[in-house]
Amino acid sequence: MNTFPDFPESVFTMPESAFTFPETVFTFVRNGCSRSPENALKPIPDKTSRKIKDLLVRRSQLLEMATMEKNRLQILPKNLHRSIKSLLKMLQAQIETITRQIEQDVAKVDHWRIKTEILTSVPGVGKVLAYTLLSELPELGSLSRKEIAALVGVAPINRDSGKLNGKRRIRGGRHRIRTVMFMAMLSSIQCNPTFKRFYEHLKDQGKIPKVAIVACMRKMIVVLNTMVKNQESWREQTV
């Protein structure tokens with residue numbers, strides 16, 4: 001007959017901590033990955049927001065196709081120019097149709113229309129950027145400066161280790177917003193005195209143009225976030 005040795009009761013008793021999840025786990029779930037704002041869960045968009053987002057994506061696709069055809073116009077032989085120009089004309093008509101459709105949809109929703117008016121009051125912020133922010137960044141106006149910058153992906157991330165000070169880099173975030181903002185900032189540093197001065201100041205400090213533009217983008221999204229939060233239009237004192 002097999003006999004089993006007597007083991008202490010503690011061997012068969014699981015510690016209470018084994019059934020207890022760390023509080024950080026629940027905080028992580030409750031806050032939607034709050035430790036990494038750029039990965040935070042996006043609110044589920046309504047039907048109008050989804051439609052406008054799809055139209056914006058399609059508009060970007062058409063613009064990209066038009067750019068490709070314009071490039072071909074420069075390198076392909078003249079006997080193909082007629083075909084390329086015909087396609088460019090069709091693409092331009094499609095872009096204009098979709099742009100009108102976006103504007104009509106935005107005008108139907110009061111809070112979209114009001115926010116668009118606030119955003120486009122900033123010199124250099126056009127309707128495309130405004131619509132992109134409203135559809136891709138519904139959190140605009142409800143987060144802090146650091147949170148909104150991290151969510152877009154324009155907050156510099158430290159790369160330090162011990163005594164080593166690494167370069168600050170941006171990462172993560174919502175790339176489509178960054179792409180549209182980058183193009184808008186190229187215009188803003190030309191027509192908006194506030195961002196132009198800030199850009200020139202950064203260059204005078206030795207920042208390369210791309211780094212200076214990203215810093216301006218961070219400043220812009222923080223300003224836009226404050227404007228939407230306070231429901232106020234652009235004025236230089238806002239910055």
Quiz item: Which heavy atom of A215 sits nearest a heavy atom of F198, and at what distance?
Solution: O-CE2, 3.8 Å
Quiz item: Is there a path of hydrophobic side-chain contacts, each under 4.5 Å between heavy atoms of I, L, V, M, F, W or Y residues, that connects I98 with M183?
Solution: yes
Exercise. Return yes if some donor-acceptor pair links the side-chain N/O of S142 with the main-chain N/O of E139 below 3.5 Å, else return no.
Key: yes
Practice problem: Nearest 0.5 Å please: distance from the CE atom of M68 over to the CG atom of L63. | Solution: 13.0 Å
Self-check item: Check: R82 main-chain N/O paired with S86 side-chain donor or acceptor under 3.5 Å
Solution: no
Exercise. Find out if a path of hydrophobic residues (ILVMFWY) with successive side-chain heavy-atom gaps under 4.5 Å connects L129 to L186.
Key: yes
Quiz item: Which atoms form the tightest heavy-atom contact between A212 and K203, and what is the distance?
Solution: CB-CG, 4.4 Å
Quiz item: Between S187 and Q190, do the side chains contain an N or O donor and an N or O acceptor separated by less than 3.5 Å?
Solution: no
Quiz item: Is the shortest distance from a Lys or Arg side-chain nitrogen in E136 or R174 to a carboxylate oxygen in the other one below 4.0 Å?
Solution: no
Quiz item: Do the side chain of T120 and the main chain of V125 share a donor and acceptor less than 3.5 angstrom apart?
Solution: no
Quiz prompt | Passing option when D105 is tested against R113, R100, K51 for salt bridge (charged side-chain N to carboxylate O under 4.0 Å, His left out) | solution = K51
Quiz item: Taking H81 for the side chain and L76 for the main chain, is one N or O donor matched with an acceptor at less than 3.5 Å?
Solution: yes
Practice problem: Indicate yes or no: at least one non-hydrogen side-chain atom of L140 is less than 4.5 angstrom from one of I221. | Solution: yes
Quiz item: Does a side-chain heavy-atom distance below 4.5 Å link L119 with L134?
Solution: yes
Quiz prompt | Common cluster, V128/V228, ILVMFWY with side-chain heavy-atom separation under 4.5 Å | solution = yes
Quiz item: Do I102 and L56 have side-chain heavy atoms sitting under 4.5 Å apart?
Solution: yes
Quiz item: Should F195 and P123 count as side-chain neighbours, where that means a heavy-atom distance under 4.5 Å?
Solution: no
Quiz prompt | Full working for side-chain hydrogen bond (donor to acceptor under 3.5 Å, both in side chains) between T132 and R176 | solution = CA-CA 8 Å; T132 300; R176 185 173 291 118; over 6 Å; no
Quiz item: Do the non-hydrogen side-chain atoms of M220 and V223 ever get within less than 4.5 Å of each other?
Solution: no
Quiz item: Step by step, would you call Q231 with I114 a side-chain contact (heavy atoms from CB on, under 4.5 Å)?
Solution: CA-CA 9 Å; Q231 294 290 291; I114 293 171; 3.8 Å; yes
Quiz item: Is it true that a side-chain atom of N225 and a backbone atom of G141 form a donor plus acceptor pair closer than 3.5 Å?
Solution: yes
Quiz item: Quick check: are there more than 12 heavy atoms from other residues, nucleotides or ligands sitting under 6.0 Å from CD of E117?
Solution: yes
Exercise. Evaluate the side-chain hydrogen bond (donor to acceptor under 3.5 Å, both in side chains) criterion for residues Q94 and T97: first the C-alpha distance (whole Å), next the side-chain angles of each, then the deciding distance (0.1 Å), finally the verdict.
Key: CA-CA 5 Å; Q94 288 279 327; T97 299; over 6 Å; no
Practice problem: State whether the side chain of N192 and the backbone N or O of T194 hold a donor-acceptor pair below 3.5 Å, judged by distance alone. | Solution: yes
Quiz item: Could you state the interatomic distance from CD (E103) to NZ (K127), rounded to the nearest 0.5 Å?
Solution: 4.0 Å
Exercise. Would you give the length of the straight line joining atom CG of L88 to atom CG of L91, rounded to the nearest 0.5 angstrom?
Key: 6.0 Å
Exercise. Locate the shortest heavy-atom distance separating P138 from S135; write the atom from each residue and the value.
Key: CD-O, 4.2 Å
Exercise. Rounded to the nearest 0.5 Å, what's the gap from OG1 on T99 to CZ on R59? Could you check?
Key: 4.0 Å
Quiz item: Going by heavy atoms in the side chains, are I189 and E200 under 4.5 Å from each other?
Solution: no
Quiz item: Heavy-atom distance under 4.5 Å between the side chains of V180 and Y131, does that happen here?
Solution: no
Self-check item: Verify same cluster id: M65, M90 (apolar side-chain graph, 4.5 Å)
Solution: yes
Quiz item: How long is the gap from CG on L55 to NZ on K53, to the nearest 0.5 Å?
Solution: 12.5 Å
Self-check item: side-chain contact (heavy atoms from CB on, under 4.5 Å) between I52 and W112, intermediate numbers included
Solution: CA-CA 11 Å; I52 293 174; W112 274 72; 3.5 Å; yes
Practice problem: Begin with the C-alpha distance, continue with both residues' side-chain angles, and end with the deciding distance and a verdict on side-chain contact (heavy atoms from CB on, under 4.5 Å) for K89 and K85. | Solution: CA-CA 6 Å; K89 187 176 181 180; K85 289 179 179 179; over 6 Å; no
Quiz item: What's the spacing between M227 CE and R235 CZ if we round to 0.5 Å?
Solution: 9.5 Å
Quiz item: Are R58 and Q61 side-chain neighbours, meaning at least one heavy-atom pair lies under 4.5 Å?
Solution: yes
Practice problem: Would you kindly confirm whether M181 and I213 end up in one hydrophobic cluster when ILVMFWY residues are joined by side chain heavy atoms under 4.5 Å apart? | Solution: yes
Quiz item: Is there a donor-acceptor pair under 3.5 Å between the side chain of R178 and the backbone N or O of V152?
Solution: yes
Quiz item: Between the main-chain N or O of A66 and the side-chain N or O of E69, is there a donor-acceptor pair closer than 3.5 Å?
Solution: no
Quiz prompt | Main-chain N/O of L143 paired with K229 side-chain donor or acceptor, under 3.5 Å | solution = yes
